[in-house]
Asks: 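Sending over a structure as structure tokens; questions will come in a sec.
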Amino acid sequence: MSKKAKDILIGFVVGVIATIIGAELYLHLATNFDLFRDFDFIIKMGLLGRVVAIGSLLNLGVFTLFINKRADDKGSGCILAVILITIIIQFL
């Protein structure tokens with residue numbers, strides 16, 4: 001595996017983790033829900049897209065950090081994570 005592919009994979013994993021942490025943090029601070037415990041309820045109420053969108057805001061900081069450190073491939077992986085999460089959420 002090339003260095004570029006590894007950096008994109010690292011950025012992707014960090015982007016997914018940042019989205020999960022951001023969504024959990026939002027739910028913990030703003031509501032009485034828990035992302036993992038109340039996942040089925042959140043889907044049934046049609047709130048998953050909104051929760052993930054707010055959780056993805058944490059990726060802005062991660063992406064900015066990668067770009068400022070000149071780790072453009074990791075930043076690309078972070079953006080790829082947001083795009084794939086958006087597509088997956090669209091089908092749930």
Side-chain angles (χ1 to χ4, degrees):
M1 183 179 270
S2 69
K3 180 170 176 16
K4 183 174 182 167
K6 285 181 185 177
D7 285 346
I8 291 173
L9 182 63
I10 290 169
F12 178 80
V13 170
V14 170
V16 169
I17 292 171
T19 300
I20 292 170
I21 291 172
E24 183 66 36
L25 191 63
Y26 164 69
L27 287 173
H28 181 59
L29 295 175
T31 67
N32 293 330
F33 297 127
D34 182 73
L35 182 63
F36 299 107
R37 186 184 58 204
D38 300 323
F39 189 74
D40 290 333
F41 180 74
I42 292 169
I43 289 177
K44 287 178 185 173
M45 293 299 293
L47 300 174
L48 186 62
R50 293 176 185 146
V51 169
V52 171
I54 292 171
S56 291
L57 291 176
L58 196 58
N59 277 334
L60 289 174
V62 174
F63 177 73
T64 302
L65 179 72
F66 285 148
I67 295 302
N68 286 339
K69 288 186 153 204
R70 304 278 190 235
D72 295 340
D73 292 332
K74 290 179 184 176
S76 298
C78 188
I79 296 299
L80 179 64
V82 173
I83 292 169
L84 287 178
I85 289 170
T86 304
I87 292 170
I88 290 169
I89 294 299
Q90 192 69 22
F91 292 110
L92 287 180

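Computation of the quantities below employed the complete heavy-atom set of this structure, encompassing side-chain atoms and omitting hydrogens, waters and symmetry-equivalent molecules.
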Asks: Taking I85 as the starting point, is it possible to reach I79 by hopping between hydrophobic residues whose side chains are less than 4.5 Å apart?
Replies: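 No.
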Asks: Taking all heavy atoms of N59 and all of G15, pick out the closest pair and write down the distance.
Replies: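 Distance-wise, the nearest heavy atoms are OD1-O, 3.1 Å.
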Asks: For L84 and F12, what are the C-alpha separation, side-chain angles and deciding distance, and is it a side-chain contact (heavy atoms from CB on, under 4.5 Å)?
Replies: CA-CA 10 Å; L84 287 178; F12 178 80; 3.5 Å; yes
Asks: Of all heavy-atom pairs between R37 and N32, which one has the smallest distance, and what is that distance?
Replies: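 Shortest heavy-atom contact: NH2-O, 3.8 Å.
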Asks: Hey, are K44 and D40 close enough for a salt bridge, meaning a charged N less than 4.0 Å from a carboxylate O?
Replies: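 No salt bridge links K44 with D40.
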Asks: Please tell me whether I83 and L9 are part of a single hydrophobic cluster in this structure, the criterion being side-chain heavy atoms less than 4.5 Å apart.
Replies: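 No, I83 does not connect to L9 through the hydrophobic network.
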Asks: Hydrophobic clusters here meaning ILVMFWY residues chained together by side-chain heavy-atom distances under 4.5 Å, can you tell me if I89 and M45 are in one?
Replies: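 Shared cluster, yes.
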Asks: So, do V14 and F66 sit near enough that their side-chain heavy atoms are less than 4.5 Å apart?
Replies: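 Side-chain contact under 4.5 Å: yes.
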Asks: Are F63 and L80 linked, directly or through other ILVMFWY residues, by side chains that come within less than 4.5 angstrom of each other?
Replies: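 In one cluster: no.
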Asks: I would like to know whether I42 and L27 meet side-chain contact (heavy atoms from CB on, under 4.5 Å); could you show each step before the answer?
Replies: CA-CA 11 Å; I42 292 169; L27 287 173; 3.8 Å; yes
Asks: Does the side chain of L57 reach to within under 4.5 Å of the side chain of Y26, using non-hydrogen atoms?
Replies: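 When only atoms from C-beta onward are counted, Y26 and L57 do not touch, as no gap falls below 4.5 Å.
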Asks: Is L60 reachable from L58 through a run of I, L, V, M, F, W or Y residues, each pair having side-chain heavy atoms under 4.5 Å apart?
Replies: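 No, separate clusters.
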Asks: Side chains of L48 and F39: closer than 4.5 Å at any heavy-atom pair?
Replies: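 The answer is yes; the side chains approach within 4.5 Å.
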Asks: Rounded to the nearest 0.5 Å, what's the gap from CG on D72 to CD1 on I8? Could you check?
Replies: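 Rounded to the nearest 0.5 Å, the CG-CD1 separation comes to 10.5 Å.
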